[in-house]
Amino acid sequence: MRDFSQDTSALALNTATLGHNLEGHGAGWSPERLIDACTERGFGGIVFWRREIGTRAAQIGERVRAAGMAVAGLCRTPYLTGRDAGSDDEMRGSIDMAAALGAPVLTIVTGGTEPGTTGLGESRKRLADRLARHVEHARAAGVRLALEPLNPMFGGNRTCLFTVRDALDLCDTVGDPQIGLAVDVYHVWWDRTLGESLARAGGRIFGYHLCDWLEDTRHMLLDRGMMGDGVADLGAIRAAVEAAGYAGHCEVEVFSAADWWQRPPEVVLDTVVERFRTVC
Ligand code: ZN
């Protein structure tokens with residue numbers, strides 16, 4: 001397992017940690033200011049959300065690389081299934097944005113259960129069909145697609161993949177190396193079969209997302225914990241992810257409307273670095 005105590009080059013900031021991706025949240029820093037603050041603190045990468053990028057993808061990507069960091073990824077595609085599914089054009093647009101930014105990975109939150117259906121079977125079938133339609137475009141753009149399974153409480157309107165096993169099964173159905181998964185502590189920490197599921201991932205882990213699960217979670221979307229403040233076994237999860245061959249960025253993604261988003265961004269970033277070195 002990698003030793004992060006003296007080396008933060010694998011540390012990436014997901015800008016959600018500063019509340020940047022939601023209207024009315026966060027300190028309103030520009031991407032440029034954020035890039036400078038991350039560089040100063042030794043971050044190795046940044047993951048942006050589409051709404052921050054607008055039409056400036058190439059410019060922002062260049063700025064990140066000029067600062068000596070990488071754009072580690074882009075969040076995220078429109079939903080592919082469910083009531084709020086986006087169009088094929090929107091999906092292609094998100095792939096193109098990732099490519100222009102120089103982001104090697106585009107995260108997918110699948111969307112929920114398809115209208116007019118119940119359960120998950122039909123939704124997963126349609127998800128596989130829709131994904132397959134975009135694989136060639138993604139390959140040509142040099143962007144890998146990472147399915148992120150979400151905690152089952154997000155079933156219904158946000159996801160039809162609940163576990164690493166679900167995501168790998170979907171990868172198997174599509175059967176293309178352009179498609180893999182992202183493992184997020186918040187969504188997988190409870191899964192006792194995580195180790196055995198990850199053992200069959202074999203090179204298909206495209207992202208690892210860090211946060212913590214608070215003992216008393218007050219809001220299921222916006223009350224994530226900072227690493228070390230909760231009950232997730234961060235060491236064991238990273239050990240399993242790395243045993244499965246993952247050696248990429250560890251992306252800190254702390255949605256925290258009532259706590260971390262209320263603090264000065266400098267304090268949040270300093271805390272992220274300190275926790276990364278000591279508890280992740
Ligand atoms: Zn995530």
Side-chain angles (χ1 to χ4, degrees), residues 10-22 25-26 43-52 71-80 94 98 103-112 143-155 157-168 170-171 179-191 194 197-198 201 204-214 217 219-227 229-230 232 234 237-238 240-242 244 246 248-257 260-261 268 272 275-276 280:
L11 171 61
L13 180 79
N14 183 308
T15 60
T17 302
L18 299 183
H20 281 193
N21 62 319
L22 288 175
H25 291 290
F43 281 76
I46 302 186
V47 175
F48 292 100
W49 287 67
R50 274 194 292 152
R51 65 177 293 272
E52 299 167 279
V71 178
L74 177 67
C75 290
R76 56 180 171 67
T77 65
Y79 291 150
L80 290 157
S94 67
V105 175
L106 175 62
T107 303
I108 299 177
V109 172
T110 66
V143 175
R144 295 188 296 171
L145 305 174
L147 291 162
E148 182 165 341
L150 305 192
N151 190 304
M153 67 185 174
F154 292 109
N157 63 353
R158 281 180 196 271
T159 191
C160 50
L161 301 178
F162 298 155
T163 60
V164 163
R165 181 181 168 182
D166 288 347
L168 286 170
L170 211 285
C171 291
I179 299 189
L181 70 155
V183 178
D184 186 321
V185 164
Y186 190 74
H187 298 303
V188 305
W189 75 276
W190 56 273
D191 183 357
L194 182 66
S197 298
L198 285 171
R204 291 182 290 186
I205 303 172
F206 296 167
Y208 177 52
H209 304 174
L210 278 169
C211 65
D212 211 332
W213 181 274
L214 295 174
T217 297
H219 186 288
M220 70 181 196
L221 186 64
L222 300 180
D223 191 28
R224 291 181 176 215
M226 181 64 69
M227 299 83 73
D229 288 346
L234 298 175
I237 298 171
R238 183 159 71 86
V241 166
E242 295 194 359
Y246 185 72
H249 287 103
C250 300
E251 168 185 339
V252 174
E253 186 181 34
V254 181
F255 294 83
S256 175
W260 293 97
W261 292 358
V268 179
V272 164
R275 300 291 177 88
F276 181 74
C280 291

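Computation of the quantities below employed the complete heavy-atom set of this structure, encompassing side-chain atoms and omitting hydrogens, waters and symmetry-equivalent molecules. Counting starts at 1 for both ligands and their atoms, in listed order.
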Exercise. Output yes when a side-chain donor or acceptor of Asp223 lies under 3.5 Å from a complementary backbone atom of Thr217, and no otherwise.
Key: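 Checking the backbone N and O of Thr217 against the side chain of Asp223, no donor-acceptor pair under 3.5 Å is found.
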Quiz item: Counting distance only, does the side-chain N/O of Trp261 pair as donor-acceptor with the main-chain N or O of Ala16 below 3.5 Å?
Solution: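 Answer holds: yes.
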Quiz item: N/O/S of His209 less than 2.8 Å from the Zn ion (ligand 1)?
Solution: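 Yes, His209 qualifies, because one of its backbone or side-chain N, O or S atoms lies under 2.8 Å.
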Quiz item: Hey, is the Zn ion (ligand 1) within less than 2.8 Å of some N/O/S atom on Glu253?
Solution: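 It does; at least one qualifying atom falls short of 2.8 Å.
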Exercise. Could you check whether the rings of Phe154 and His187 sit parallel, tilted or perpendicular, using 30° and 60° as the cut-offs?
Key: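 Correct class here is perpendicular.
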Practice problem: Please state whether the rings of Trp213 and Tyr186 are parallel, tilted or perpendicular, taking 30° and 60° as the class boundaries. | Solution: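 Geometry flag for Tyr186 against Trp213: tilted rings.
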Practice problem: For the Zn ion (ligand 1), find the closest N/O/S atom belonging to Asp184 and write down its atom name. | Solution: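 Of all N, O or S atoms belonging to Asp184, OD2 is the one nearest the Zn ion (ligand 1).
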Quiz prompt | N/O/S atom name from Glu148 that is nearest to the position of the Zn ion (ligand 1) | solution =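 Considering only N, O and S atoms, Glu148 comes nearest to the Zn ion (ligand 1) through OE2.
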